[in-house]
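First comes the structure, then the notes that go with it.
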2 protein chains.
Amino acid sequence: MLISELSKRTGVSVHTLRYYENYGLFKGENNKTVKTNNYKQYDESLIEKIQLIKEAKEIGFTLSEIKDLLEDWFNHQLSEEKKIQALEAKIIEIDSKITQFKRVKKMLIEGIQDVKEGKC
Amino acid sequence: MLISELSKRTGVSVHTLRYYENYGLFKGENNKTVKTNNYKQYDESLIEKIQLIKEAKEIGFTLSEIKDLLEDWFNHQLSEEKKIQALEAKIIEIDSKITQFKRVKKMLIEGIQDVKEGKC
DNA sequence: TCAAAGCATAGACTATACTCTATGCTTGTA
DNA sequence: TACAAGCATAGAGTATAGTCTATGCTTTGA
């Protein structure tokens, strides 16, 4: 598919998709059978990849982190073991982030208590 | 205390503290008994407040969001009920963020499965 | 007492992640 | 076939959150 379809199907603007592509998060391919233009083709599998990028960004991962993860994940040179290590490292990061969220939640709950006791 | 002590005790640089103060996250007071300078005094209670700012930032809250929350929380004009509402709203946001984290975690776990099955 | 360290304000600079504009070529449709 | 819409690259502009520099006054300690 071309970039505008990718944009429609992922909900990410064409501009942003181009930015991501230049950043190195994914790559479209020039269709070599067509010589009159240099339009890029984007693979069906990118839809899922871009959904992951969106979600990862929303939970605060930087593009740089996402890039590193994707590069490991889809690197055919990398051993299965190394890929799993990269993914597991991210899962551990997520777990510690969740812990941090719970800590802030606790602070806010304590804040509610303080307000109820007229301490604020 | 003066700003450098506040910096040491919170681990936030003097520059960043000034940035936060100008942003409106908290306020130091000029000591009116001293007329030779305009050094600002920072209250002991700010330490906890700044810890909260740090944690909230680390979990992805913007300074603008943090400002709004603190303004409600420590606004003496605001009713107890409204304060609790503001705090509860943030707690709900945190819960939905945690859900989102778990969703990304699930994606990564599925990624590990795919790698193990040779799908990547 | 005088120099270093600390305080204040103001403004310039940086990084990240977009977002938009300009320009030019290609494609598709009335 | 003409012209709007789509594609591409390049580069400028924006918002957030710092981070740093300049300047000048004040305090403190050898």
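Note that the structure is a prediction, hence the values are computed from the model and not measured.
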**OP:** Sequence neighbours left out, what pairs pass side chain to side chain donor-acceptor pair (under 3.5 Å) with at least one residue falling in residues 24-33 of chain B?
**Re:**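 Counting only pairs at least two positions apart or across chains, the side chain to side chain donor-acceptor pair (under 3.5 Å) contacts touching residues 24-33 of chain B are B:Asn31-B:Thr33.
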Is there a side-chain polar atom (N or O) of [X] under 4.0 Å from OP1 or OP2 of [N]?
X: B:Thr36; N: D:dT27; answer: yes
X: B:Thr16; N: D:dA17; answer: no
X: A:Tyr19; N: C:dT19; answer: no
X: A:Asn37; N: C:dT27; answer: yes

Could I get the full list of salt bridge (charged side-chain N to carboxylate O under 4.0 Å, His left out) partners for [X], not counting sequence neighbours?
X: B:Arg18; result: none
X: A:Lys106; result: A:Glu110
X: A:Lys105; result: B:Asp95
X: B:Asp114; result: B:Lys119

Subject >> Contacting residues from residues 50-67 of chain A, given that a heavy atom lies under 4.0 angstrom of DNA chain C >> reply: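 Those residues whose heavy atoms fall under 4.0 Å from DNA chain C, taken from residues 50-67 of chain A in numerical order, are A:Lys57, A:Thr62, A:Leu63.
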Which atoms of nucleotides 6-11 of chain C (N or O only) lie under 3.5 Å from a protein N or O atom, and what are those distances?
| from | atom 1 | to | atom 2 | distance (Å) |
| --- | --- | --- | --- | --- |
| C:dG6 | N2 | B:Tyr39 | OH | 2.9 |
| C:dC7 | OP1 | B:Ser4 | OG | 3.0 |
| C:dC7 | OP2 | B:Ser4 | OG | 3.3 |
| C:dA8 | OP1 | B:Lys40 | N | 2.8 |
| C:dA8 | OP2 | B:Arg18 | NE | 3.3 |
| C:dA8 | OP2 | B:Arg18 | NH2 | 2.4 |
| C:dT9 | OP1 | B:Lys40 | NZ | 3.2 |

Original post:
Roughly how many Å is it from CG in B:Leu17 to C1' in D:dA17, rounded to a whole number?
Top reply: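 Going from CG in B:Leu17 over to C1' in D:dA17 covers 14 Å.
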**OP:** Whole angstrom is fine here: how far is it from NZ in B:Lys35 over to C1' in D:dT27?
**Re:**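 So the NZ-C1' distance, B:Lys35 to D:dT27, works out to 18 Å.
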Subject >> Flag side-chain contact, heavy atom, 4.5 Å: A:Leu70 against A:Lys49 >> reply: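 A:Leu70 vs A:Lys49: side chains touch.
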**OP:** Check side chain to side chain contact (heavy atoms under 4.5 Å, CB included) between B:Lys90 and all other residues, then give those that pass, not counting sequence neighbours.
**Re:**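 A:Leu108, B:Phe61, B:Glu65, B:Leu69, B:Glu93.
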Can you give each donor-acceptor pair under 3.5 Å made by side-chain atoms of residues 77-89 of chain B, sequence neighbours left out, with the distance rounded to 0.1 Å?
| from | atom 1 | to | atom 2 | distance (Å) |
| --- | --- | --- | --- | --- |
| B:Ser79 | OG | B:Lys82 | N | 3.2 |
| B:Lys83 | NZ | A:Cys120 | O | 3.2 |
| B:Lys83 | NZ | B:Trp73 | O | 3.3 |
| B:Lys83 | NZ | B:Asn75 | O | 3.3 |

